[in-house]
Number of protein chains: 2
Amino acid sequence: MPEEEIKLSERKQKILLVAVEDYIQKASPITSSAIQHKYAKSLSTATLRNELNALEAMGYLKQLHTSSGRVPTSKGYRFYVNSMMGDIPLDKKVLNEIHQMFEKRTVYLGEMVGEIASVISKATNYPTVVMLKGFEKLVIKNVKIIPLLTGQALILIETNSGIISNSMESDEKIPQQSYIDASNLLTKTFCNSTVSDMIKNMPKYIEKMDSEVKEFSTIFTTVIKSLRTLTDNLTQKGGITARGELKLLNTPEYSDPQKAKQIINVLSNPNEIKEVFSEDSAEVSFQIGSEIPVEELKDCSIARADYQVDGKSIASIGIIGPQRMDYAKIASALKFVVGEFQNLKALTHKEEKEGDKK
Amino acid sequence: MPEEEIKLSERKQKILLVAVEDYIQKASPITSSAIQHKYAKSLSTATLRNELNALEAMGYLKQLHTSSGRVPTSKGYRFYVNSMMGDIPLDKKVLNEIHQMFEKRTVYLGEMVGEIASVISKATNYPTVVMLKGFEKLVIKNVKIIPLLTGQALILIETNSGIISNSMESDEKIPQQSYIDASNLLTKTFCNSTVSDMIKNMPKYIEKMDSEVKEFSTIFTTVIKSLRTLTDNLTQKGGITARGELKLLNTPEYSDPQKAKQIINVLSNPNEIKEVFSEDSAEVSFQIGSEIPVEELKDCSIARADYQVDGKSIASIGIIGPQRMDYAKIASALKFVVGEFQNLKALTHKEEKEGDKK
DNA sequence: GTTAGCAGTCAAAGCATAAGAGTGCTAACA
DNA sequence: TGTTAGCACTCTTATGCTTTGACTGCTAAC
């Protein structure tokens, strides 16, 4: 994107920032006299009108109709966000809530994703979507197959960030000990492989297996089948978890249920969300209004950050709100969550050697 | 409730049923001429007006204002529902969807509850609430403690209807084998006890333990601590899982987001929901309008059924909609879900002896 | 008991008017 | 050249009034 823009005078910048801030708070168009009160007691409203007019001509503001106040454009919000970044005040109450969630952390990856979405949504008062991105890139650390009384068995795969769990049908004729031995064998073979590698290489592996452990092949085949359905399920519904969708109704711009429903529908549509979340986002980033590649969301904004392990995005977290959303508060929440996530990961790695001893 | 009511003439009954049915479909007040079209081509509208007038006097119908059509009262809906019960047409499409959910059933109780709520809500198009009621009355069949690499351990308790799982802190100094032995001991001791019994009797049990297995007491204490937090958590948020809250916006009576939000708030309030779900409901039952003991829901209806094991309600399922909801379809869905649940239970019991052999 | 017919009622829609909030523009001033 | 006062202009919103049409209630006759 070329920087051909004539840069704004100091005063215009200040006026624009005040205007956007005011609109974010009040949700009603900014008037020249409001700016006068907030920022420039020494200037007359007429002067400010001239400035506002200029800002409008440059595309930072727009009017809904002649004789109405101004409203920021996507470009206006973008300016505001850019000049705000790096200066994000952390909201203590929000941080506390999030921290508490991580304290009583769940070990199951699936559950964790839901809790993260819930807690962010609660803290920010906006709908939050979490998309598992590189699920199959997770690194296997330990595999356990646990036969149940119901004729099923539980597969527990510890990875470098949380446990993946699924159930499979178990065969009554196979003794319990075989499941334990099979688990150990799987762990030894695929420790430090990714989940997708395990799924891919398993058939080859089964073929080459020593004849003495051939009896495990049934188990392994079932494990892979179960993992395949799990990943299929995830890719089908896109690994998307949305929470707090209703909070959208709190904001005046979506108090019309029709509008709100339209957006909420998009939130559960894997294809659209995938498009929005396609680019990785190591830092907190914003997609503002027209920058969002989905038609229905063109008057929303999305705050995003990825949870990354070894530079790879495992999950994308996104907060959806009106363009007029409280960027500072939201950035603060997101930043903190991703940070806590990183802590968790450190914890997992710390204990890694411990596990190897067995 | 005394049956002091003068009973309705055949014709009045028929008119009332037609009226309620029509209102459920169209959501607009019933007029005398609508009834004439649907039911009584041979009668004049004037006659029907007389009848409607009588039904209003008896409290089955009411007018929003003079010169408007009639709308059923709670009493009117109640009459409709009572005369409909026992004659519930099963909606094939709905049943199919529910059945598919049960096919790929989850083994975790917590997850299962969420899925049930989702699938019913999707099938009926109304918000659905599931409340775990007698969670601690579940009968323990098998206990497994599984140490993880992260310095935590997973507690898996198989019960007579699903797995309860929670994590606990594990002690690095305790060898893996001890966890396995401790699990077996727990299973042997508490098999066929309820969860609450286990929590209650554990301290006594630890005291009386042979000195040779005294080393397990640390493990057992941690297990109980973890189970306590789990049950505390559940009772705190009341074991309530709501899904599809948004569907409320689909119905014209709650297209006002304020109204909808008010109701949705109640759905996540454990105290209010507990009150609504207080009475056990072995069969599908309805609470209609004024019959609901919560002020905010007095113009809703709730369809309910319990999932019971050995005559005890384990979970209550409730579907919330406007009084004008499609009782037949909803009853069909509920009935079917509870039935499939019962099948699951049968499956679990079938395999029971299998598990004992180890 | 049933019915035709007519008067009466009320909600909803349409229209005109008035009020009010802001801007744009011009002309004058520093 | 930047700033300002002042006034005309625009457009939204609120309000009241009127009309329309859908129903019912009631009466009198069958």
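Just so we're on the same page: letters track the sequence lines, and every chain starts at 1.
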| task | On the 0 to 90° scale, with breaks at 30° and 60°, tag the B:Y327-B:F286 ring pair as parallel, tilted or perpendicular. | result |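 Answer is perpendicular, since the angle exceeds 60°.
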| query | Should the pair A:Y77 and A:Y23 be assigned to parallel (<30°), tilted (30 to 60°) or perpendicular (>60°) ring geometry? | reply |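 Rings of A:Y77 and A:Y23: tilted, 30 to 60°.
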Could you list the residues that satisfy side-chain hydrogen bond (donor to acceptor under 3.5 Å, both in side chains) with [X], not counting sequence neighbours?
{"X": "B:S44", "result": "B:T47"}
{"X": "B:S290", "result": "B:S74"}
{"X": "B:T31", "result": "B:S33"}
{"X": "A:N271", "result": "none"}

| Residue-phosphate contact under 4.0 Å: B:T47 side-chain N/O, C:dT2 OP1/OP2 |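 No, no such contact exists.
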| message | Any side-chain N or O of B:S32 below 4.0 angstrom from OP1/OP2 of D:dT24? | response |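 So the side-chain polar atoms of B:S32 do come within 4.0 Å of the phosphate oxygens OP1 or OP2 of D:dT24, strictly under.
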Considering residues at least two apart in sequence or located in another chain, which fulfil the ring-ring contact (aromatic ring centres under 6.0 Å, His included) criterion with [X]?
{"X": "A:Y254", "answer": "none"}
{"X": "A:Y126", "answer": "none"}
{"X": "B:F336", "answer": "none"}

| said: Does A:S42 reach a base, just sugar-phosphate, or nothing at all? Heavy atoms under 4.0 Å. | reply: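 The answer is sugar-phosphate, as A:S42 gets under 4.0 Å only of primed atoms, P, OP1 or OP2.
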| said: Expected output is a numbered-order residue list: members of residues 63-72 of chain B with a heavy atom under 4.0 Å from any atom of DNA chain D. What is it? | reply: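 Residues of residues 63-72 of chain B that come under 4.0 Å of DNA chain D are, in numerical order, B:Q63, B:S67, B:S68, B:R70.
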| request: Kindly state each residue pair satisfying salt bridge (Lys or Arg N to Asp or Glu O under 4.0 Å) with at least one member in residues 33-49 of chain A, sequence neighbours excluded. | output: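 Only A:D22-A:K38 qualify under salt bridge (Lys or Arg N to Asp or Glu O under 4.0 Å).
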| Nearest heavy atoms of A:I35 and A:A19, plus distance in Å |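 Closest approach of A:I35 to A:A19: CD1-CB, 3.8 Å.
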| Between A:M325 and A:I24, which heavy-atom pair has the shortest distance, and what is it? |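 The answer is O-CD1, 3.6 Å.
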| task | Indicate yes or no for a side-chain donor-acceptor contact from A:T73 to the backbone of A:K62 under 3.5 Å, with no hydrogens or angles considered. | result |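 Such a contact is absent between A:T73 side chain and A:K62 backbone.
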Rounded to whole angstrom units, what separation is found between the [atom1] atom of [X] and the [atom2] atom of [N]?
{"X": "B:K62", "N": "D:dT24", "atom1": "NZ", "atom2": "C1'", "result": "18 Å"}
{"X": "B:L52", "N": "C:dT3", "atom1": "CG", "atom2": "P", "result": "14 Å"}
{"X": "A:I30", "N": "C:dG22", "atom1": "CD1", "atom2": "C1'", "result": "13 Å"}
{"X": "A:I15", "N": "D:dG2", "atom1": "CD1", "atom2": "P", "result": "14 Å"}

Polar-atom pairs under 3.5 Å, protein N or O versus N or O of nucleotides 13-16 of chain D: list them with distances, or write none.
none

Report each atom pair, protein N/O against N/O of nucleotides 26-30 of chain D, whose distance is under 3.5 angstrom.
none

| query | Roughly how bent is the helix from C:dG1-D:dC30 to C:dA30-D:dT1 end to end, in steps of 10 degrees, with each end axis from five pairs? | reply |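 Rounded to the nearest 10 degrees, the bend comes out at 20°.
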